[in-house]
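The structure under discussion appears below in the form of C-alpha cells.
Below, each value reflects all heavy atoms present in this structure, side chains not excepted, and no hydrogens, waters or symmetry copies. In the text below, chain A, chain B and the rest are named by the order of the sequence lines, each starting its count at 1.
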There are 2 protein chains.
Amino acid sequence: MFVSTYESAIDAKGRVSIPAPFRAELGGSTRIFLWQALDGSGCLEGGGEALMAMYRATLTRLAPQSEVRKVLVNRIIAGSADLKMDETGRIKLPEDLCKAAELEGRIKFAGNMDSFQIWNPEKHAAYNASMEAAAASPDVMAAFGRAYSEVLHQQGAGHYNGPKLVEGGEG
Amino acid sequence: MFVSTYESAIDAKGRVSIPAPFRAELGGSTRIFLWQALDGSGCLEGGGEALMAMYRATLTRLAPQSEVRKVLVNRIIAGSADLKMDETGRIKLPEDLCKAAELEGRIKFAGNMDSFQIWNPEKHAAYNASMEAAAASPDVMAAFGRAYSEVLHQQGAGHYNGPKLVEGGEG
DNA sequence: TAGCTGCCCATGATATTCCAAATTTACACA
DNA sequence: TGTGTAAATTTGGAATATCATGGGCAGCTA
C-alpha cells in the first residue's frame, strides 16, 4: 500500500526521484504510469503495473461501447504516460503532465492506497487544509465508524476480536 | 488491546522508545504508523500493520470518489508516517508530526484499544481533566449502560449469564 | 552538430543498524 | 518483608548502509 507523504524535486534535467518506500511498493518493477487525477483536484495520479492490471480488468468489465468506459479509457489509458525508472529510481516527468499539474522545483508524493499522487506543494497544502477541516465533520466520522464496525463484524462473526491482519492487506 | 498510559521521552536525535506493553501488542511487527488524530484533539494516533490493514479494508468499502473517503485517505493514509522500530524498540518521530502535536522532551503514550495516542503531557492532563468531568454526566453513563447490555444480550442469548471472555478477546 | 535521452558513477546528507552502559523491573530466597 | 540476583528495558553514542541528487559520457534523433 502506498502510505505517507514525501517531498522530492525535479532536477535540471526534468528528473524526479520516486521515494524509496513507493519504489518498494512497486515490487521490483520499474514501470510507472502517470495520469491526471480524475477528480479535478489538479494533481497527477500514478501507479505501477499491478494497478494498471487492476484498471484493465475493471474497464474490461464495463460494456464495450458504454460512455463510462470510453471516458475512463480516454482518461486513464490514453491519458497515461508509460514511464521507466532508471537505476537510481528516477523518472522523467513528461512536460504536458507537469504543466497540467503545475509542477516545477519541489513536489509532493502522497500515498493513496493502491496508487499515489504527485502534487504541487502549495496546492497540496491547500488540499490538506480543506481535508483537515472536513475531517472534523460528524458525518465523516460517523461514516467511518459505520464502515469500520462492518469490517470488524465481517472478520469476527459478530463480536469484537480486535483488529486482525486482513487477508491481502499487505504483500 | 492497547491499554494504560506510559511516559516516555524524545532523545537528542528525535528517537522515542515505544513502551514495552505496546510493542508486545504489535505482535512482533516492527512497523508503526503515526498520524494526527482526526478529532482535532491535537495528539498523534498510531498503530501497527493490523490496524492499518483494518483501515484499508474500511476505506475500500467507501465509494471511490466519495468526499468521505477522500478526506479519510488524506488524513490517515497520506497523512501517516510509515515508521520502523529499531532493535531496541525505538522510532524516530518525524518533525512535522512533533510540531503539529507540540511534542518535545517528555511525552505520554495512551492506550486507545486498537490504536494508541501520543500526547504532549500538559495537553494530556487537560484532556484527562475534561474527560473526568464529562464522565460524571448521566448521559455518558446511560449510553454506556445501554451498549453494555446489548453486548451482554448478544453474548448470552438474551438473558444475563455474567460477562464472558469473548472468543479471542485477548492473546 | 546540437539537443535529448538513457545509463553510470560520485558525493553529501540522512536514516538505519549495531554496540554498550545505565536503569528499572521481576523473581527467588532468606 | 527485605535483599540479592537475574532479566528486561531504556538510554546514549558510534559505525554502517541507504537514499536523493548532481554531473559525466555515449548513443540516438532531428
d(B:Ile76 CD1, A:Phe144 CZ) to nearest 0.5 Å is 4.0 Å

In whole angstroms, how far is the P atom of C:dA15 from the CG atom of B:Asp82?
14 Å

How long is the line joining NZ of A:Lys84 and P of C:dG6, in whole Å?
9 Å

Is it true that a side-chain atom of A:Asn120 and a backbone atom of A:Glu102 form a donor plus acceptor pair closer than 3.5 Å?
yes

Span of DNA chain D, from the first to the last nucleotide whose atoms fall under 4.0 Å of chain A heavy atoms:
D:dC19 to D:dG24

Would you say B:Ser8's side chain and B:Ser17's backbone share a donor-acceptor pair under 3.5 angstrom?
yes

Ordered by number, residues from residues 85-96 of chain A within less than 4.0 Å of DNA chain C (heavy atoms) are A:Glu87, A:Thr88, A:Arg90, A:Lys92

If an axis is fit to five pairs at each end of the helix from C:dT1-D:dA30 to C:dA30-D:dT1, what is the angle between the two, to the nearest 10°?
30°

Quick one: which residue pairs count as a salt bridge (charged side-chain N to carboxylate O under 4.0 Å, His left out) with a foot in residues 54-80 of chain A, not counting sequence neighbours?
none

Once you round to the nearest 0.5 Å, how far does CD of A:Gln117 lie from CD1 of B:Ile77?
11.5 Å

Near DNA chain D, which residues from residues 99-107 of chain B have a heavy atom under 4.0 Å away?
none

Report the residues that fulfil salt bridge (charged side-chain N to carboxylate O under 4.0 Å, His left out) with B:Lys99, sequence neighbours left out, ordered by chain and then residue number.
none

Taking side chain as C-beta onward, heavy atoms only, is A:Leu38 less than 4.5 Å from A:Leu72?
yes

Treat each ILVMFWY residue as a node, draw an edge where side-chain heavy atoms are under 4.5 Å apart, and state whether A:Leu62 and A:Leu51 are in one component.
yes

Please work out which of the three classes, parallel, tilted or perpendicular, describes the rings of A:Tyr127 and A:His124, given edges at 30° and 60°.
parallel

Does a side-chain heavy-atom distance below 4.5 Å link A:Asn128 with B:Asn74?
yes

Within residues 7-24 of chain B, find the residues that approach DNA chain C with a heavy atom at under 4.0 Å, and present them sorted by residue number.
B:Arg15

Salt bridge (charged side-chain N to carboxylate O under 4.0 Å, His left out) involving A:Lys13 - partner list, sequence neighbours excluded
none

What residues form a side-chain hydrogen bond (donor to acceptor under 3.5 Å, both in side chains) with B:Asp39, not counting sequence neighbours?
B:Ser41

Taking only residues at least two apart or on different chains, which pairs with a member in residues 1-12 of chain A satisfy salt bridge (charged side-chain N to carboxylate O under 4.0 Å, His left out)?
A:Glu7-A:Arg106, A:Glu7-A:Lys108, A:Asp11-A:Arg15, A:Asp11-A:Arg90

Tell me which pairs pass salt bridge (charged side-chain N to carboxylate O under 4.0 Å, His left out) where either residue lies in residues 44-55 of chain A, with sequence neighbours left out.
A:Arg31-A:Glu49

My understanding is that a hydrophobic cluster links ILVMFWY residues whose side chain heavy atoms are under 4.5 Å apart, including indirect links. Using that, what else belongs to the cluster containing B:Leu97?
B:Phe2, B:Tyr6, B:Ile10, B:Val16, B:Ile18, B:Phe22, B:Leu26, B:Ile32, B:Leu34, B:Leu44, B:Leu83, B:Met85, B:Ile91, B:Leu93, B:Leu103, B:Ile107, B:Phe109, B:Phe116, B:Ile118

